[in-house]
Amino acid sequence: MLTSITEILNLLKKYGKVEKIHKDTYVVEISPGKVRELCEILHWKLNGHFSVTVGSDERPVNGYFGVYHVFLLDKQKLSVIVHVKVNPVTLKIPSITPIIPGANWHEREAHDFFGIFFEEHPNLERLILPYDWPEGIHPLRKDVNVRELRYKLLKKETGLVVEKKAEEEYIVPIGPYHPALHEPEYFELYVEGEKIVDARYKGFHVHRGIEKVAEERLTINQVPFIAERICGICGYTHNVAYCQAVENAARIDVPLRAKYIRSILLEIERVHSHLLWFGVLFHLLGFDTGFMMTWLVREKIMDLAEILTGNRKNYGMNLVGGVRRDINEEKIKLSLETLDYVEYKLRKILDKMLKLKEITSRTKEIGLLSREEARKLSVVGPVARASGISTDVRRYHPYAAYSELEFKVPVYDAGDVYSRALVRYDEIFESISMLKQLLKNIPKGDLTAENVKVPEYRKGLGLTEAPRGENVHLVITGRENKVYRWRPRAPSYNNVPSTLVMLKGEKLADAPAIIASIDPCFSCTDHVVVIDVRTNVKQVLRLKEIARGK
Amino acid sequence: MKTPRIDIFKEALKTGVVTKKYPFEPVEAPEGFRGKPSIDFEKCIGCEACVNICPPNALSVEIDTKRGIKRVMLFLGRCIFCGRCQDVCPTEAIKLSREFELSSLNSKDLYQIVELKMAKCKICGRYYATVRQILFTAKNVPKDQRPLLLLCDECRSKVSAKHISYARW
Amino acid sequence: MEYIAIVLANIVAILIIAPIIDGIERKIKAKLQCRKGPPILQTWYDLVKLFRRPSIVTEEYSLAYVISPYIIFANMTLALALVPSFTRISLSFFGDIIVLVYLIASSSIFLAIGSISSGNVFATIGANREISLATLSKLLMALVLATFATLKRALTLGSIFPIIPPYTLSAIISIILFAIIAYIDCYKLPFDIPEAEPEIIDGILVEYSGKSLGVLKYSTYLKRILLFTIIVDLILPRNIPTLLLPISYFTFLLALSITYVCVETYFGRLRIDQALKFMKTMVPILLVVWFIAYLHY
């Protein structure tokens, strides 16, 4: 078993050129033939986990397409980026999905956006692009212009109807709009009576092309604001991850006070996000009083965020190199008071609510995800921690001010909905204790780094622990104060495929709670699947119709 | 009987009613809230700093070359209330207020337009900058250099190039 | 003639107060959840709004889907005529207790049939749940009413009410059991399984809209009042002066509805199998009570 960093580096050197891009982060450039071997070692033998695959069109720079597989080795506190250059003519590289099933979506996305073929991928269908998207147009390539594309798409008229064989079971569509889910996604549940036999997922209904906008139009300091809008609940964590990626790429030292302020806001966000989740869970289980009362406490946190940053949710606090607003003594005092109140209140009610019989009987041993499955799908965050995997970016890849804090990482082994609730329950109180430490020990100093200059074509990896799990941003800086490639990977991207495993064999009544248990955050393109139960013909709504606002 | 229900019930009674009859009862945003931005028409000099920095392009600029008018437009429908414009404004003309109720039946209510008079270049006769911008810059420019401000960028560089070449000779 | 006029007046009064009682329940629920809550007349406003809207029907609907809300409404109104409420006068005939059970049970069945014929998947699942719940709850209800009938050796509602005095054990237990069954039958949490909003988007009600939805909702309120009325009738002493009767009836009604809503607020929803298991445990208890009642005489 390899453990020390030097040993790992020596191993990596055997495979290709190793380059340190910033602290604890290495890029190893290898030939396509060796990808699988190395990825297997990184994910399975070294007990790291697969995090994200990023495709990139680097033809203007070096004449190749690039594929980056990012692995995080928690034990060694290392991040390893496996870089493969893809021949722009053949566009083929071996797929790693047969080894790591969790890479399925990531590779399909790279296939959609860059036209890279992953050989031996079990199911290289379209993931994000609609079915009637014209063949051969890959939107994130650098030679694709948004305006031209729009013109082309509106002119073209192709509607694809996928026929399906009739099935014995009933199909229950959950989505694209369903009261149990707060965002548009689509689950097809195949049921016999109340039992779910099979489940399928179709997402990406609201993929907004944020990456393209950021790469084409925005400057480096404008991207944080769009990054914040990736998620409607935990936007700040994306904001921080992006800024960290750029800061890492440009080797900017952020002042300690700014780091503390970032950590404070991240933890505030975590508390309100987890409380939101509890509210949703109680609502799904029909316990509306629980919903109202947890949100009542959450409101205090929202008010606190508003006072500290000037907005309830879009904090807008970050710029590359630091933060924009200070937190003064008065606000620190107020925050501590609010936190005391919130902690007192939550200890009183949340505890009791989790003991209610209807809640326990409908969450214990429901939606099971074993440790093996979790490793296979490379799930992250509370879902992984509830399945017995101790993973937490704050602990193993410390960023912001987390290396100076004392905190526990709650891990439960049961892998059911209830243990996911318990993980979040513990995390709320851990966050509150972290917040108190942060607020009490905040050092004096500057808010932003001096001399923020971003060099061209540098890679940077930004990691944060979002409320839903590990959040990864890979940034390649570009010319003229722009981003060349930016790939944000939200935690739900890795977590959503696990719901399909959890749903099998469960009761229909439990489906919403199971889907919600991963705290899904769907950020997704426009296409709607309508399944006629009698004829079983899938009709796919056309892009054009959606463009017309139908 | 040991039941957590009673405790929750007691806690709820203790908390009392927390919701407000919002649209019929005003809700104040706290100090420092980033609400609707408003432009002080008196202070704006039309320097376009805010237009350049605005992430969602809520601020835009339009130049009427015939009449010599520069229009700085703020469209609240695009605004994300980040406050970057407030950060960069040299004259504190644009500020974020605590107002957050922006819904309106008329989309024109969401526009704030500042029209500023522009000055003609002394040499080529082209409109090149707003009068206020020139006056504002003049404060920071030494007296002997000030006449250069009355020229457009191109003419100024030509003129100053001449000066430099004279100096060299 | 006068007799019919009084019964009609009675029904009209109940038709007016049923949504108001619901409004009161909503207000109390809101207070218990630390909210302000809607005005008491909100339920009426909602109904009026729904009645003004046209009903949108599904593509593959059938006759049952269209008429079942009205049948259920008629059933409920008729059932209300059978039980004494503001006055002691009601439509009374031999075997009206059987008609009452029939009316309550058939409305559940019509609701299920109606929603199945809408052709919606969620409605079908809701109807499925409704049928499995209703068969059991109606069986329980029939058993309790049978116990009452046995206790009083009568098949007319008029001679069954009130069941106490005599204060026998079987009478008291059967009243409590009836109260629980009524609670389940009102689709109060944790038993609002057929129309679970987050799970199956209001289930049985999903394809109903406008007028028909209004009628269905109205019937749900009426059903609640009907079940409450039966409970009130079971315990309201016979010697109350006629003039005081409407006031005492209304007070009891309000007390019941407040109790129920207080209980409801602090429960989550059960899964269908858990609910059925709970109800199945009640069957043997009821059979024993019935047997005791039979011996008691």
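Throughout, a chain's letter reflects where its sequence line sits, starting with A, and its residues are numbered from 1.
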Student: Heavy-atom distance under 4.5 Å to chain A: side chain of B:I53, backbone, both or neither?
Tutor: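 For B:I53, the contact with chain A is made by the backbone alone.
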Student: Counting C-beta onward and ignoring hydrogens, is there a side-chain heavy-atom pair between B:I69 and B:M118 closer than 4.5 Å?
Tutor: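 No; the side chains remain at least 4.5 Å from each other.
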Student: Under a 4.5 Å heavy-atom cut-off, does chain B meet the side chain of A:M292, its backbone, both or neither?
Tutor: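 Answer is neither: A:M292 stays 4.5 Å or more from chain B.
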Student: Highest number of heavy-atom pairs under 4.5 Å with chain A: which of B:V18, B:I80, B:L96?
Tutor: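 Option with the top pair count is B:I80.
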Student: Applying ring-ring contact (aromatic ring centres under 6.0 Å, His included), name anything that partners A:F282, two or more places apart in sequence or on another chain.
Tutor: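 Expected list: A:F287.
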Student: With ring-ring contact (aromatic ring centres under 6.0 Å, His included) as the rule and sequence neighbours excluded, what pairs involving residues 40-74 of chain B come up?
Tutor: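 Residue pairs passing ring-ring contact (aromatic ring centres under 6.0 Å, His included), neighbours aside: none found.
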Student: Provide the full list of ring-ring contact (aromatic ring centres under 6.0 Å, His included) pairs with a residue in residues 77-97 of chain B, sequence neighbours left out, each pair given once.
Tutor: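 Passing the test, one end in residues 77-97 of chain B: no pairs.
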Student: Counting distance alone, with no hydrogens or angles, which donor-acceptor pairs between chain A and chain B are under 3.5 Å?
Tutor:
from, atom 1, to, atom 2, distance (Å)
A:R217, NH1, B:N57, OD1, 3.0
A:R217, NH2, B:P55, O, 3.3
A:Q222, NE2, B:I53, O, 2.9
A:Q222, NE2, B:C54, O, 3.2
A:R229, NH2, B:I80, O, 3.1
A:T309, O, B:R34, NH1, 2.8
A:G310, O, B:R34, N, 2.8
A:N314, O, B:R34, NH2, 2.5
A:Y315, O, B:R34, NH1, 2.7
A:Y315, O, B:R34, NH2, 3.4
A:R324, NE, B:D87, OD2, 3.2
A:R324, NH1, B:C82, O, 2.9
A:R324, NH2, B:C82, O, 2.8
A:R324, NH2, B:G83, O, 3.3
A:R324, NH2, B:D87, OD2, 3.0
A:R325, NH1, B:G32, O, 3.0
A:R325, NH2, B:G32, O, 3.0
A:Y344, OH, B:K14, NZ, 3.4
A:K345, NZ, B:E11, OE2, 3.0
A:K345, NZ, B:T15, OG1, 3.0
A:E358, OE1, B:R5, NH1, 3.3
A:E358, OE2, B:R5, NH1, 3.2
A:E358, OE2, B:R5, NH2, 2.8

Student: What is the distance from atom CG of A:L285 to atom CG of A:L356, rounded to the nearest 0.5 Å?
Tutor: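 One gets 10.5 Å once the value is rounded to the nearest 0.5 Å.
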Student: Identify which of B:C54, B:A29, B:G35 forms the greatest number of heavy-atom pairs closer than 4.5 Å to chain A.
Tutor: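 If we count pairs closer than 4.5 Å to chain A, B:C54 comes out on top.
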Student: Please walk me through it: do A:I332 and A:I442 pass side-chain contact (heavy atoms from CB on, under 4.5 Å)?
Tutor: CA-CA 10 Å; A:I332 290 177; A:I442 185 163; 3.7 Å; yes
Student: Run through B:L110, B:I113, B:L59 and flag the one making a side-chain contact (heavy atoms from CB on, under 4.5 Å) with B:F75.
Tutor: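 By the side-chain contact (heavy atoms from CB on, under 4.5 Å) criterion, B:F75 pairs with just one of B:L110, B:I113, B:L59: B:L110.
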Student: What distance do B:L116 atom CG and B:I45 atom CD1 have between them, rounded to the nearest 0.5 Å?
Tutor: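 The distance works out to 9.0 Å.
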Student: Give, as side chain, backbone, both or neither, the part of A:L319 having an atom under 4.5 angstrom from any heavy atom of chain B.
Tutor: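 Just the side chain, heavy atoms under 4.5 Å.
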